[in-house]
S.K.: 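One structure is given below, represented as structure tokens, and several questions about it will come after.
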Amino acid sequence: MSQELEGQHRLILIGPQGSGKGTQAELLSVYLQIPTISTGQLCRSEIEHGTELGKKIEQWVRGGELVPDDVITAMLKKRIADYDAQDGFILDGFPRTVAQAEASESWMRPTKVIVLEINDKVAVARMTSRRACTQCRFKTTAEYVAKHGDECPRCFGKIVQRDDDSPEVIQTRLDMYHRVTQPVINFYRDRDECERFNGALSIPLVFMEIAHVL
Ligand code: AMP
């Protein structure tokens, strides 16, 4: 398990789907030289590799339902024990429930909780449009694919839409966010580590504002 060292960054990013968590996490990862750990990506990777765990969680992930707290927590604990996370890490997608936030207090106290706020209209528009490379995870938009085709400009892989970014599943995931994840913000809200940002602003502006508080 990752030890909580002095000066180590343990960042939590919280916000609805489409708020830019993944994008900001990637930028912060380069800036701080620590890995981004996306629990959604950990799930998708298990599914893509057809592991036993992947088969177990596939239905929940594809349907936009949450994976049970104990399963996701075990996956994350294993990941943050990896060598590259020993100097700190950025969490994208965890904690998603108050139970996860409470349980993780004993093994992972965040140094900053970064909340990205956007309204549902912006969230739906961004999720509907987002596309990513199946190989290198390069992120782009439906508009880019319409103009330039589905070949990834970075690795020549294929750019696709995520299964769970379909209109019905988007709504399920947003409802879940409001019902289950929003209370996680209240859990951290009164702490000094909690910082809120307007996720509707441009990517560089949000990044600069976050970097400023680190
Ligand atoms: P994301 O890429 O963060 O949107 O996550 C994709 C999917 O992975 C979610 O819809 C859930 O099924 C699952 N997932 C990711 N993180 C968590 C978490 N902390 N708790 C439960 N399920 C999760």
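Numbers here simply count residues along the sequence, with the first being 1. Ligands are counted one by one from 1 in listed order, and the atoms in each one are counted from 1 as well.
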S.K.: Can you list the ligand 1 atoms lying under 4.0 Å from a non-hydrogen atom of Arg44?
M.R.: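 Matching atoms, with element in brackets: 2 (O), 6 (C).
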S.K.: Any idea which protein heavy atom is nearest atom 8 (O) of ligand 1, and the distance to it?
M.R.: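 Among all protein heavy atoms, the one nearest atom 8 (O) of ligand 1 is Gly40 CA, 3.8 Å.
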S.K.: Where the closest heavy atom to atom 5 (O) of ligand 1 is concerned, which of Gln41, Arg96, Glu65 has it?
M.R.: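 Considering heavy atoms of Gln41, Arg96, Glu65, the nearest to atom 5 (O) of ligand 1 sits in Arg96.
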S.K.: I'd like to know if Arg137 and Glu48 make a salt bridge, using a cut-off of under 4.0 Å between side-chain N and carboxylate O.
M.R.: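 So Arg137 pairs with Glu48 through a salt bridge.
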S.K.: Distance to 0.1 Å, residue and atom name: give those for the protein heavy atom nearest to atom 19 (N) of ligand 1.
M.R.: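 I find the closest protein heavy atom is Gly93 O, 2.9 Å.
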S.K.: Which protein heavy atom lies closest to atom 16 (N) of ligand 1, and at what distance to 0.1 Å?
M.R.: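 Minimum-distance protein heavy atom for atom 16 (N) of ligand 1 reads Thr39 OG1, 2.8 Å.
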S.K.: Does anything in residues 192-214 pair up under side-chain hydrogen bond (donor to acceptor under 3.5 Å, both in side chains), and if so which pairs, sequence neighbours excluded?
M.R.: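 Residue pairs passing side-chain hydrogen bond (donor to acceptor under 3.5 Å, both in side chains), neighbours aside: Glu117-Arg196.
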S.K.: Quick check: do Arg130 and Arg162 have side-chain heavy atoms less than 4.5 Å from each other?
M.R.: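 Counting from C-beta outward, Arg130 and Arg162 do come under 4.5 Å.
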S.K.: Relative to atom 13 (C) of ligand 1, which among Leu66, Asp92, Val67 owns the nearest non-hydrogen atom?
M.R.: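 Nearest option to atom 13 (C) of ligand 1, by heavy atoms: Val67.
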S.K.: Assess whether a salt bridge exists between Asp165 and Arg131, defined as any Lys/Arg side-chain N lying under 4.0 Å from an Asp/Glu carboxylate O.
M.R.: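 Arg131 and Asp165: not salt-bridged.
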S.K.: When you measure from the side chain of Arg62 to the backbone N and O of Asp164, does any donor-acceptor pair fall under 3.5 Å?
M.R.: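 Side chain of Arg62 to backbone of Asp164, a donor-acceptor pair under 3.5 Å: no, none is there.
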S.K.: Should one rank Leu42, Ile72, Asp165, Ile47 by closest heavy-atom distance to atom 14 (N) of ligand 1, which comes out on top?
M.R.: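 Nearest option to atom 14 (N) of ligand 1, by heavy atoms: Ile72.
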S.K.: Could you give the side-chain donor-acceptor pairs of residues 27-37 under 3.5 Å, partners two or more places apart or in another chain?
M.R.:
from  : atom 1 : to    : atom 2 : distance (Å)
Ser29 : OG     : Ile34 : O      : 2.7
Gln33 : NE2    : Val30 : O      : 3.0
Thr36 : OG1    : Ala25 : O      : 3.0

S.K.: Within the distance-only criterion (no hydrogens, no angle test), does the side chain of Arg10 pair as donor or acceptor with the backbone N or O of Arg109 below 3.5 angstrom?
M.R.: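 Yes: the side chain of Arg10 pairs with the backbone of Arg109.
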S.K.: Nearest to atom 20 (N) of ligand 1 by heavy atom, Gln17, Gln100, Arg173, Met75: which?
M.R.: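 Heavy atom nearest to atom 20 (N) of ligand 1 belongs to Gln100.
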S.K.: When you look for heavy atoms under 4.0 Å from ligand 1, do you find them on the side chain of Arg162, its backbone, both, or neither?
M.R.: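 The answer is the side chain of Arg162.
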S.K.: Where on Met176 is there a heavy atom closer than 4.0 Å to ligand 1, on the side chain, on the backbone, on both, or on neither?
M.R.: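 Near ligand 1, Met176 shows nothing, with every heavy atom at 4.0 Å or more.
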S.K.: Assess the side chains of Thr97 and Asp69: does a donor N or O sit below 3.5 Å from an acceptor N or O?
M.R.: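 Yes.
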S.K.: For ligand 1, does Val61 get within less than 4.0 Å through its side chain, its backbone, both, or neither, judged by non-hydrogen atoms?
M.R.: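 Within the 4.0 Å criterion, Val61 contacts ligand 1 through backbone and side-chain atoms alike.
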